[in-house]
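Counting convention: from 1, in listed order, for ligands and their atoms alike. Values in this document were obtained by computation on a predicted structure and should not be read as measured data.
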Amino acid sequence: MVRELFPNIFQIKVPLPHNPLGHLNSYLVTSGEKNLLIDTGLNLPQAFHSLSRGLSEAGVKLEDLTEVLLTHFHVDHVGLIPRVKEASKNVKISIHQIEAKLSEMIAEKSLDYKGNVETFLEANGAPSSIAQNLRRFHPAFFAPEAYQVLAMSAFPLEHGQELSVGDYNFQVIWTPGHSPGHICLYEPSLKVLISGDHLLPTITPHVAQFMEEMDPLRDYLESLEKTGNIEVEVVLPAHEEVFTDHYERIQQLREHHKRRLKEVLFELKAGSLTAYMLASRVQWNVKHKSWDEFPLFQKYLALGETLAHLKVLEQKGRVKRTELNQLIFYDVTEKIRDEHD
Ligand SMILES: [Zn+2]
Ligand SMILES: [Zn+2]
């Protein structure tokens with residue numbers, strides 16, 4: 001399904017089967033000489049079919065794409081890259097420099113990468129059904145071709161870079177958090193923000209920590225501040241529907257994380273817990289009634305989210321960690337109950 005949102009800017013809905021996100025929005029910007037596609041879809045026949053059909057309804061053949069820009073390296077965005085590259089040999093593929101590097105690491109050293117994540121999750125209390133099962137959860141292992149293409153041919157993007165297509169001039173805005181090299185694109189004449197997964201109208205973008213040295217929630221909150229300071233009239237997100245009033249949405253997302261940080265502190269006041277134990281006590285907005293009913297993948301995501309919140313609290317000096325039998329336990333630094341902080 002294709003819709004022309006502004007002159008020469010099209011939205012193509014690409015299905016994401018069996019995924020609560022429903023579909024990916026791919027955006028096409030055309031001019032006489034350039035055809036820029038933003039994000040692609042999962043590497044599945046029906047997604048490829050929808051993308052190709054959407055492009056042709058917008059008057060562009062797959063082989064006529066001149067550039068593909070990826071908001072970030074998640075598999076629902078990069079999955080169809082090998083198919084696009086095959087059809088359009090000279091297409092320029094761009095992604096933020098951090099994710100160009102991560103794609104190289106995934107393509108070339110996937111076992112080291114997996115080992116690091118496994119060790120981190122096990123230390124935080126994840127059972128082996130999760131930590132030893134990353135092949136099922138981690139896109140690096142079920143969509144390796146896309147990362148190989150990115151490792152070989154992606155052009156690295158930087159914050160502040162500009163891309164022009166016809167009369168439009170898109171500015172690259174680095175918005176780490178949902179992923180380390182996530183970018184949004186801002187078009188000032190339209191006041192349009194192509195937001196990737198940084199801002200979605202109703203779903204809270206997933207912010208999770210899977211490696212010790214990251215602080216993704218701090219990054220995400222800083223990125224919300226960055227995009228909150230931009231004058232935006234319309235947001236074109238990578239999932240769900242186009243929306244306005246981005247500032248209100250940003251406030252809601254900030255509130256959500258503030259509440260979650262409080263909730264984590266509250267749970268820890270009863271005594272020290274591993275991140276995994278803590279994840280099982282947090283209230284998650286999912287259809288499953290109890291933690292035991294959560295599918296493993298959901299538990300994996302919840303653990304990553306919990307770790308991201310713990311990291312922020314630890315950096316602020318609100319929680320501390322102790323290690324016991326190779327497990328990390330978290331505890332509050334003061335037991336004073338303060339409902340207003
Ligand atoms: Zn994503
Ligand atoms: Zn996504």
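The atom of D76 that is an N, O or S and sits closest to the Zn ion (ligand 2) is OD2. Sorting the N, O or S atoms of H74 by how far they are from the Zn ion (ligand 1) puts ND1 first. The name of the N, O or S atom in D197 nearest to the Zn ion (ligand 1) is OD2.
Each of H198, H77, E99 was compared with S179 under the side-chain hydrogen bond (donor to acceptor under 3.5 Å, both in side chains) criterion, and only E99 meets it.
Backbone or side-chain N, O or S atoms of D39 do not reach the Zn ion (ligand 2) at under 2.8 Å. Metal site remark for the Zn ion (ligand 2): H77 contributes an N, O or S atom at a distance under 2.8 Å.
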| field | Derivation and outcome, ring pair (Phe, Tyr, Trp, His ring centres under 6.0 Å), residues H178 and H74 | value | CA-CA 10 Å; H178 173 73; H74 288 165; 4.6 Å; yes
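Atoms NE2 of H72 and NE2 of H178, as seen from the Zn ion (ligand 1), are separated by an angle of 100°, to the nearest 10°.
The aromatic rings of W174 and H96 sit parallel, their planes meeting at an angle under 30°, below the 60° perpendicular limit.
A salt bridge is absent between K101 and E104: the closest approach of a Lys/Arg side-chain nitrogen to an acidic carboxylate oxygen does not fall below 4.0 angstrom.
Judged by distance alone, with hydrogens and angles left aside, the side-chain atoms of R218 form no donor-acceptor pair with the main-chain N or O of A308 at under 3.5 Å.
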